[in-house]
Amino acid sequence: MSTNYYFSASNNAFYPVVLQAQYEAAGTWPTDAVAVADAVFETYGSGAPPAGQVRGVASDGTPTWVTATPRAIPLTTQAASALAQAQQTVWADYGSLGQAVPAAWVTYQTALRAIVNGTDTTSTTLPAAPTS
C-alpha cells in the first residue's frame, strides 16, 4: 500500500508526507493525522465529489462523502432580491404606463424595505407577494 498522504479527521484535510517536516516545524501538524492509502487520497482528496456531496468524516475518522448542506441565505439578502424584483414588476406593470400602484404592492415593498434596512427585526420569512 502506497501512503503519500495523511488524513486529519479534526481538520477534514489531507497532508502530503513530503511536507510533514515543514508542518511540524511550523507547529501545524495535526495530532490526529493518520496515514492513508493513495487510493483514499485519489478518491476523497483530489477526485471530484459525487453530485450534491462534499467530503466529510465517517465515525471511524476516515474521509467519506456526505450530503452537502445548502447554505442559508440571510433574510435581508432575500428581501433585497425580492424588493428589486418587486420594483421592476411595479414599474413594468404600473409606473411605465402612468397607472397608480395598487396598495398591495405598496404594502409589500414597504415590508421588504423594513427587512432590508433593519427596522423589521421580528420577521423570519418574507411577506407574500401580491398576486396581481
Side-chain angles (χ1 to χ4, degrees):
M1 167 176 88
S2 181
T3 57
N4 292 301
Y5 297 91
Y6 282 81
F7 180 74
S8 164
S10 63
N11 294 332
N12 189 14
F14 288 93
Y15 295 85
V17 170
V18 298
L19 297 178
Q20 183 174 356
Q22 287 92 332
Y23 279 110
E24 289 174 343
T28 57
W29 184 256
T31 58
D32 66 339
V34 294
V36 295
D38 287 354
V40 172
F41 173 75
E42 290 168 12
T43 300
Y44 298 104
S46 66
Q53 303 266 299
V54 295
R55 185 178 60 230
V57 180
S59 60
D60 65 356
T62 60
T64 189
W65 296 126
V66 296
T67 301
T69 304
R71 292 190 175 144
I73 299 172
L75 187 61
T76 54
T77 303
Q78 294 177 47
S81 178
L83 180 58
Q85 182 62 50
Q87 290 169 331
Q88 290 175 0
T89 299
V90 166
W91 173 251
D93 292 352
Y94 306 102
S96 67
L97 303 173
Q99 297 179 355
V101 177
W105 278 104
V106 173
T107 300
Y108 177 64
Q109 290 183 80
T110 301
L112 292 173
R113 275 192 192 90
I115 294 170
V116 170
N117 68 24
T119 57
D120 176 352
T121 59
T122 60
S123 291
T124 57
T125 60
L126 295 180
T131 55
S132 59

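Y6 and V57 are not part of a single hydrophobic cluster, where members link through side-chain heavy atoms under 4.5 Å apart. Following chains of ILVMFWY side-chain contacts shorter than 4.5 Å, one can reach V106 starting from L83, so the two form part of one hydrophobic cluster. If you chain together hydrophobic residues whose side chains sit under 4.5 Å apart, V36 and W29 never meet in one group.
Looking at I115 and P127, their side chains come closer than 4.5 Å, going by heavy atoms from C-beta outward. Here the side chains of V66 and Q53 are not in contact, with every heavy-atom distance at 4.5 Å or above.
Heavy atoms only, all atoms of each residue included: V40 and P63 are closest at CG1-CG, 3.6 Å. Scanning all heavy atoms of the two residues, the minimum distance from A82 to L126 falls at CB-CD1, 4.1 Å. Pairing each heavy atom of T62 with each of D60, the nearest pair is OG1-OD1, 2.6 Å.
For the atom pair T119 OG1 and R113 CZ, the distance stands at 11.0 Å (nearest 0.5 Å). The distance from atom OG1 of T76 to atom CG of L112, rounded to the nearest 0.5 Å, is 12.0 Å.
Y44 is linked by a ring-ring contact (aromatic ring centres under 6.0 Å, His included) to W65, counting only residues two or more places apart in sequence or in another chain. Checked against ring-ring contact (aromatic ring centres under 6.0 Å, His included), Y108 has the following partners two or more places apart in sequence or in another chain: W105.
Judged by distance alone, the side chain of T64 and the main-chain N or O of G56 form no donor-acceptor pair under 3.5 Å. Looking at T107, its side chain does come within 3.5 Å of a backbone N or O of A103 through a donor-acceptor pair. Put simply, the side chain of D120 gets close to the backbone of T122: a donor and an acceptor are under 3.5 Å apart.
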Please report, to 0.1 Å, the donor-acceptor pairs under 3.5 Å made by any side chain of residues 9-21, with sequence neighbours excluded.
| unit_1 | atom_1 | unit_2 | atom_2 | d |
| --- | --- | --- | --- | --- |
| S10 | OG | S8 | OG | 3.2 |
| S10 | OG | D32 | OD1 | 3.2 |
| S10 | OG | D32 | OD2 | 3.1 |
| N11 | ND2 | Y15 | OH | 2.9 |
| N12 | OD1 | R55 | NE | 3.1 |
| N12 | ND2 | R55 | O | 2.9 |
| Q20 | NE2 | E24 | OE2 | 2.9 |

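No more than 12 heavy atoms of other residues, nucleotides or ligands shown are found within 6.0 angstrom of CD1 on I73.
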